[in-house]
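Just so it is clear, the structure is predicted and the values come from calculations on it, not from any experiment. Side chains included, hydrogens not; waters and symmetry mates left out as well; all remaining heavy atoms used. Proteins come first, then strands; the chains are lettered A, B, ... in the order of their sequence lines, and each starts at number 1.
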Number of protein chains: 2
Amino acid sequence: MKVAKFGGSSVASAKQIKKVADIIKMDLQKKFIVVSAPGKRYKTDQKITDMLIELWDAHEQGTSVYQYIDPIMRRFAEIIEQLELSASILDEIKQTIENQLHNDANPTERLDALKAVGEDSSAKILSAYLASCGLNARYLNPHDAGVTVSDDPGNAKILPASFKKIYSLRSTKEILVIPGFFGYTKEGKLITFSRGGSDITGSIIAAGIKADVYENYTDVDSVYAVNPSIVNNPKKITTLTYKEMRELSYAGFSVFHDEALIPAYREEIPVCIKNTNNPQAPGTLIVSEKKPSEKCVVGIASDTGFCSIYISKYLMNREIGFGRKVFSILEDEGISFEHAPSGIDDLSIIIREKHLPLEKEKQVLKRIQKELRPDLISIHRNLAMIMIVGEGLVRTIGVAQKATSAISSANVNIEMINQGSSEVSMMFGIKAEDLEKAVQSLYAAFFVK
Amino acid sequence: MKVAKFGGSSVASAKQIKKVADIIKMDLQKKFIVVSAPGKRYKTDQKITDMLIELWDAHEQGTSVYQYIDPIMRRFAEIIEQLELSASILDEIKQTIENQLHNDANPTERLDALKAVGEDSSAKILSAYLASCGLNARYLNPHDAGVTVSDDPGNAKILPASFKKIYSLRSTKEILVIPGFFGYTKEGKLITFSRGGSDITGSIIAAGIKADVYENYTDVDSVYAVNPSIVNNPKKITTLTYKEMRELSYAGFSVFHDEALIPAYREEIPVCIKNTNNPQAPGTLIVSEKKPSEKCVVGIASDTGFCSIYISKYLMNREIGFGRKVFSILEDEGISFEHAPSGIDDLSIIIREKHLPLEKEKQVLKRIQKELRPDLISIHRNLAMIMIVGEGLVRTIGVAQKATSAISSANVNIEMINQGSSEVSMMFGIKAEDLEKAVQSLYAAFFVK
């Protein structure tokens, strides 16, 4: 039994939805289909969810909403027409939108319900189309599926009791098409997950029905060993562990909404990333454990936008609680940090620059200065991080040597190395301007020779 | 104007004290002499301070003290006789000891005063001997020198007001011989520094009189680039910065009581480590800043006795405050940790094994498990740390490559790399059993070629 989730680009047009139907027809095991809202058809296109949010904003500001509703309806109308489905679906969509704009529930609730229209409509359209192709398929609302969530609008969390309810769906004879991205509270309120949350729904359904595999259809053939915008035509990754995926997604690999993996991760459900536009490609399989292979490095991820705060104080490491005090200041100021490697009398704190705007920087430096009286405190911006990822890496002699050789042969200075804290990755900090040449050299060292 | 401090082995016997006198005679700038208690004359010998502590323990347990007093008095008697000094010094020492055993002050105070007898007697003996050689020298009690300290028996801290008082000693025409290791509270109580605290006294006097140099006489010619018990006949270090010294002393370099450096460090007084038994050797000079040299690595330090706690939790780095909570548990349990490098969903905490006895380990793991619910927690013992130290190291391309190559060519797996948190060092964690071959290979790479 399989769960297949189709992302925004897979349901962006009638043409794409036909591909989805073909994929479902080919494999009778795909009994549970989760869909996103229609995404972009071309690079400069708009996603339906963004259009719904703009509509809401216009409505809240009291401006005329029809110029916002019309393009949304045109998108749906085109899809429904080209799939030759009943116009009643379109009326239903229009009615749902109007209802959320004007009913008397509180605005946060209405916004969540409006944002969910994209996914909900996708599911209605796809189920109708599958039925029109002669398949035994029907739309299933997340409420009826048992997706019960916490009352955190825009950031719902699944409630543990849901999984048992979902498990009972296993006996279905029909293909069930479930909209992603939202669930319902115990009281019956519609609440959305965080953005990109259709992946979460797919993962929840897969965990609940204890699927053999959770197929996640996107518009890429697989996860690549390195960012294709840095290295041309890089190797595809056939198998990844959850841990490897998570480390890769940390720095520049954005195939997956990583929170989404949690339910599948807990149930050890394999996840397969596939391409709707090329379903023959084997894709990338994400598993709990894999056989140790000869090749210990599976991928190289990289990202810019980091900065570091450097604190130095003579005999710092004699002061019990010094680190804790620094972290308390950061927590107080609501700043989440990434890493905090420490020397003997030094501590560096790596932070994503977006989490440390300039006014926060001033405040944090001032507090550290005042409360901890370091000898020296400084901040370094424009850092990039490179992650070399692979299970078994920590037990393989010579990986660090190979990596540091590759980086220095690109004539790049290593600002930071963090190895050993993670069992599946090795992290290098360099100046952002050096990122491309360092990554290219690392890719050549680990994947080309 | 110079301050010269002579360690335990330099005042262990009459023969050694004569060498000290020769050193002082040669250089009229040495106006301030600080001395330790008589140390070991040979490997299996006892230090006077240890003998005084044993005497105190015997006295506290109510056993006969004469078998403990006698050997102490014999040591002093032999020195005084061989230096042909007045026997009145010996009587004075005896009287001080008897007085501290039997007066009615509280026991902690009396213990501190008794422990200080070694240094105090050394100063009395040396000043008398210098006078007998025709030098204008006299004993100066720390009280009269202005060494005013906090009331923390066995762990005194210098009070800032002391330095001004000490500065007024600059006008001295005499050579002043000051016992190390203790000072006096404002109320006049004798309080000792932590063990090895004669270095602290020397550093305080040097900072107070704003000495041109603080000479610290030991029994080695210099600081070596690597532990001589691992590499035969290693290179001597001629100049070190304070920071480099501190990083080296962290892992296996025990030339200096590192807290001792603080007063001298703050006043930027150069410290020269010299050998009483070979005063012609230039020694090692410790300075605030040095010219960038071609050679960026000055030394390789190493130490065993580390362990690490590894914690892994999926999406750990999304939880603001996760690190802080871990450190709070450690602080609660009174465990100081060395480093806490973190990956994406992993955190390693490096602790000296002596700070994490087995019963504490159980308690800490239990609390982390209960309060933070990680996916995985494990502990790794028998780790060794290697520090590669040198100013400028962080700005030199290829150091990490050279180091990792050296370690892997010794067929040693690197468990941990911590680079970039400190500007003057790079840290490697390996299995303790691999320490010698890794250090030998690193030494060959950085110092032999």
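The parts of A:S405 that come within reach of chain B are both its backbone and its side chain, each placing non-hydrogen atoms under 4.5 angstrom from that chain. Both the backbone and the side chain of B:A400 have a heavy atom closer than 4.5 Å to some heavy atom of chain A. There is no contact between B:V399 and chain A, counting heavy-atom distances below 4.5 Å. With a 4.5 Å cut-off on non-hydrogen atoms, B:S328 touches chain A through its backbone and its side chain both. Heavy atoms of B:T396 lying under 4.5 Å from chain A belong exclusively to its backbone. Heavy-atom distances place the side chain of B:Y265, and not its backbone, under 4.5 Å from chain A.
Contact record, A:A340 with B:S342: N-OG, 4.0 Å, taken as the closest heavy-atom pair. Scanning all heavy atoms of the two residues, the minimum distance from A:Q419 to B:E415 falls at NE2-O, 3.5 Å.
Two residues are said to be in side-chain contact when any heavy atoms from C-beta on lie closer than 4.5 Å; B:I344 and A:M427 meet this criterion. The shortest side-chain heavy-atom distance between A:I407 and B:Q401 does not fall under the 4.5 Å cut-off.
The local environment of NZ in A:K313 is crowded, with over 12 non-hydrogen atoms from other residues, nucleotides or ligands closer than 6.0 Å. For A:R266, the CZ atom is loosely surrounded, since the number of other residues' heavy atoms within 6.0 Å does not exceed 12.
In terms of heavy-atom pairs under 4.5 Å with chain A, the best-connected choice from B:N413, B:D375, B:I349, B:L347 is B:N413.
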Practice problem: Step by step, work out the side-chain contact (heavy atoms from CB on, under 4.5 Å) result for B:I397 and A:V412. | Solution: CA-CA 7 Å; B:I397 292 177; A:V412 170; over 6 Å; no

Quiz item: Going through the checks in order, is the side-chain contact (heavy atoms from CB on, under 4.5 Å) test met by B:E247 and A:D346?
Solution: CA-CA 10 Å; B:E247 304 267 335; A:D346 323 61; 3.4 Å; yes

Quiz prompt | Worked check of side-chain contact (heavy atoms from CB on, under 4.5 Å) between B:I417 and A:N418 | solution = CA-CA 6 Å; B:I417 306 177; A:N418 182 0; over 6 Å; no

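Separation of atoms NZ (A:K325) and CD (B:E331) is listed at 6.5 Å; rounding is to 0.5 Å. Here the straight-line distance linking atom CZ of A:F327 with atom CZ of B:F322 works out to 13.0 Å at 0.5 Å rounding.
A salt bridge does not link A:D345 to B:K243: none of the charged side-chain nitrogens sits closer than 4.0 Å to a carboxylate oxygen.
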